[in-house]
Undergrad: 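Dropping a structure here in structure tokens format, bear with me for questions.
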Amino acid sequence: MRNEPIKVTEMSQMRAAMHPARWRVLTELFDRRESITATEAAGLTGLSPSAMSYHLHQLEKAGFVAREAAADGRERPWRALGDGMEITALPDEVTGRALMDNLLGEITRLFSSGPPGGPDGTPWPSSFTHTQLHLTKDRAKELHRRVQEVIDEFDADAEGPEYEIFWIQGVQPQPPADELTS
């Protein structure tokens, strides 16, 4: 059973997570469900351990990670404070683009690896659904809540390979008014 996702409700949290190195470390922590040191995180990102330590402290200030006691008294590891992120803050344009770039990278990684093989060697199915609905803000919140309930229900299953689920819900951007009249 997984822990709760980290609720991202403030722009400052979103900005902290959108830096590519921080995003990479967060997704690694969420995927591994184990702690990592600044040196290990630096190896994932190509940064120096001291630069990565700075980024981990920024993630700590934003409520994403915490330090653990070192088993050997040397470098202390960092752990995620949840098993993912639930982003409900409304981003500004720059942060929104960074979020989409990070999500696109994650989706690309997921689909480029292909589905895992089943016990008989055949691949398990991957699926992709894209649709548009007309929803009020309250109905959109209700849809999100109900999808999360279904995910939580299936999360209790311990058999079979682990599936990676992306649930992205957003409002279709509208063209500027001057484009509508031309």
Side-chain angles (χ1 to χ4, degrees), residues 2-33 36 38 41-67 78-112 128-152 164-182:
R2 297 180 67 84
N3 293 322
E4 290 292 315
I6 298 166
K7 309 285 189 204
V8 180
T9 60
E10 302 292 328
M11 268 298 293
S12 60
Q13 287 178 290
M14 192 181 298
R15 284 187 188 115
M18 290 308 114
H19 185 282
R22 295 176 195 167
W23 183 272
R24 175 68 182 98
V25 169
L26 280 172
T27 57
E28 185 70 20
L29 285 167
F30 297 148
D31 289 348
R32 279 191 195 189
R33 299 184 209 165
I36 60 174
L44 293 170
T45 62
L47 298 176
S48 69
S50 62
M52 196 66 246
S53 181
Y54 166 80
H55 287 295
L56 287 163
H57 282 288
Q58 296 305 307
L59 290 172
E60 180 181 41
K61 286 180 187 176
F64 290 107
V65 300
R67 296 202 67 181
W78 295 83
R79 65 176 172 80
L81 294 175
D83 284 335
M85 288 185 270
E86 182 177 315
I87 301 173
T88 58
L90 181 63
D92 58 27
E93 186 175 341
V94 172
T95 307
R97 282 191 189 139
L99 173 62
M100 291 298 115
D101 286 346
N102 288 331
L103 289 174
L104 181 59
E106 289 298 307
I107 292 168
T108 301
R109 179 191 54 78
L110 175 65
F111 283 110
S112 66
F128 173 80
T129 302
H130 178 226
T131 191
Q132 294 181 10
L133 303 171
H134 295 275
L135 302 171
T136 64
K137 190 174 186 178
D138 287 341
R139 292 286 288 163
K141 287 179 179 180
E142 174 68 9
L143 176 62
H144 180 80
R145 184 191 63 73
R146 289 173 59 185
V147 167
Q148 190 60 52
E149 283 178 358
V150 171
I151 291 170
D152 291 345
E164 191 161 0
I165 305 293
F166 282 92
W167 166 246
I168 302 170
Q169 175 181 324
V171 175
Q172 177 71 22
Q174 298 298 314
D178 60 332
E179 288 183 26
L180 293 173
T181 59
S182 52

Undergrad: Among Met18, Arg24, His19, which residue satisfies the side chain to side chain contact (heavy atoms under 4.5 Å, CB included) criterion with Asn102?
TA: Met18
Undergrad: Please confirm whether the backbone N or O of Ala16 pairs with a side-chain atom of Arg22, one donor and one acceptor, at under 3.5 Å?
TA: yes
Undergrad: Would you name the heavy atoms of Val25 and Ala41 that are closest together and state the gap between them?
TA: CG2-CB, 3.7 Å
Undergrad: Without swapping roles, check the side chain of Gln13 against the backbone of Lys7 for a donor-acceptor pair under 3.5 Å.
TA: yes
Undergrad: Stepwise, does the side-chain contact (heavy atoms from CB on, under 4.5 Å) test hold for Asp92 with Arg15?
TA: CA-CA 9 Å; Asp92 58 27; Arg15 284 187 188 115; 3.0 Å; yes
Undergrad: Once rounded to the nearest 0.5 Å, what's the spacing between atom CG of Leu47 and atom NE2 of His55?
TA: 5.5 Å
Undergrad: Taking the side chain as everything from C-beta on, heavy atoms only, tell me whether Arg32 gets closer than 4.5 Å to Arg79.
TA: no
Undergrad: Tell me the closest heavy-atom pair linking Ala80 and Leu29, and the distance in Å.
TA: CB-CB, 3.9 Å
Undergrad: Of Gln58, Met52, Glu60, which meets side chain to side chain contact (heavy atoms under 4.5 Å, CB included) against Leu56?
TA: Met52
Undergrad: Looking at Trp78 and Ala38, what are the two nearest heavy atoms and their distance?
TA: CD1-N, 4.2 Å
Undergrad: In Å, rounded to the nearest 0.5 Å, how long is the span from CD of Glu10 to CG of Leu90?
TA: 12.0 Å
Undergrad: Salt bridge or not between Arg145 and Glu142? Use side-chain N to carboxylate O under 4.0 Å.
TA: yes
Undergrad: Compare every heavy atom of Leu26 with every heavy atom of Phe64, then report the nearest pair and how far apart it is.
TA: CB-CD2, 3.7 Å
Undergrad: Measuring from atom CD1 of Ile87 to atom CE of Met14, what distance do you get when rounded to the nearest 0.5 angstrom?
TA: 5.5 Å
Undergrad: Do Gln148 and Ile151 have side chains that approach each other closer than 4.5 Å (heavy atoms only, starting at C-beta)?
TA: yes
Undergrad: A side-chain contact here means heavy atoms from C-beta on lying under 4.5 Å apart; do Leu99 and Thr95 qualify?
TA: no
Undergrad: Can you name the nearest heavy-atom pair linking Leu59 to Ala17, along with the distance?
TA: CD2-CA, 4.3 Å
Undergrad: Could you measure the distance from the CZ atom of Arg139 to the CG atom of Leu133? Nearest 0.5 Å is fine.
TA: 9.5 Å
Undergrad: Check the surroundings of atom CD in Glu93: do more than 12 heavy atoms from other residues, nucleotides or ligands lie under 6.0 Å from it?
TA: no
Undergrad: Between NE2 of His144 and CG of Leu135, what distance do you get to the nearest 0.5 Å?
TA: 13.5 Å
Undergrad: In the structure I gave you, are the side-chain heavy atoms of Trp23 and Leu103 within less than 4.5 Å of one another anywhere?
TA: yes
